[in-house]
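Reviewing the structure listed below.
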Amino acid sequence: RLDVVVDGIALCCAAMRDEGVTAALHPHVGGWVETEHELRTVLDGVGPDLLAFGPDTGHMSWAGMDVPAVLRDYADRIVGVHLKDTFAAGIARARAEDLDYGTATGPGRIWAEPALGDVDLAACVAAFRTGFAGDYMIEVDVPSLPLRECHQVAYDWARATLPLGVR
């Protein structure tokens, strides 16, 4: 199945390139490219001339990846990133209880505000190539705090952590 996915992605990327669009792989829990093996197979099987990388740190964490390590390995292909934190205990519970997505991702379960969870987001940012000029998107799918506090935590984290040029 994975070979078919790689071939299909390569064909789509070639068609997009022919129209002047750069495709970027965005791995996601529940998608065809979810695990580290799947992600690496696709990125290694479809050249950087066809496929960039648009990681999502939260979904990569949920899938069990060493997120900073994967980002370092493909840093030259990253064009934008969803910076998302997760609670490891929520991920463990979702796996242990075989929870569906909606139940697993209720408030305070898996998604966390930046630096309140267990993803080393500072190490993720440090993994990008020097001079990275792609897009940062701080993302909290389901806040664990009241919305105003969620926004304040994300803003404060961004001011303290992201490179000066993106503030």
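Model, not experiment: these values are computed from the prediction.
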Item to check | Any donor-acceptor pair under 3.5 Å from R109 side chain to T103 backbone | outcome: yes
Item to check | Within-4.5 Å side-chain heavy-atom neighbours: L116 and L145 | outcome: yes
Checklist entry - Counting distance only, does the side-chain N/O of T41 pair as donor-acceptor with the main-chain N or O of H37 below 3.5 Å? => result yes
Checklist entry - For the ring pair W111 and H59, is the centre-to-centre distance below 6.0 Å? => result yes
Checklist entry - Are W62 and Y101 close enough that their ring centers fall under 6.0 Å? => result yes
Item to check | Backbone N/O of G117 and side chain of D85: donor-acceptor pair under 3.5 Å | outcome: yes
Checklist outcome for this item: With L83 as partner, the option from D56, V125, V119, V140 fulfilling side chain to side chain contact (heavy atoms under 4.5 Å, CB included) is V125
Checklist entry - Short question: side chain of E19, backbone of M16 - any donor-acceptor pair under 3.5 Å? => result no
Checklist entry - Charged N to carboxylate O under 4.0 angstrom, D76 versus R129? => result no
Item to check | Partner residues of E149 under the salt bridge (charged side-chain N to carboxylate O under 4.0 Å, His left out) criterion, sequence neighbours left out | outcome: none
Checklist entry - When you measure from the side chain of T161 to the backbone N and O of W157, does any donor-acceptor pair fall under 3.5 Å? => result yes
Checklist entry - For T22, does its backbone N or O pair with a side-chain atom of R17 as donor and acceptor, under 3.5 Å? => result no
Next on the checklist: Show, in sequence, the C-alpha distance, side-chain angles and deciding distance for M60 and D66, and conclude whether the side chain to side chain contact (heavy atoms under 4.5 Å, CB included) test is met.
Outcome noted: CA-CA 8 Å; M60 293 169 69; D66 177 343; over 6 Å; no
Checklist entry - Are the charged groups of K84 and E113 less than 4.0 angstrom apart, N to O? => result no
Checklist entry - Is the shortest heavy-atom distance from the side chain of P27 to the side chain of W32 under 4.5 Å? => result no
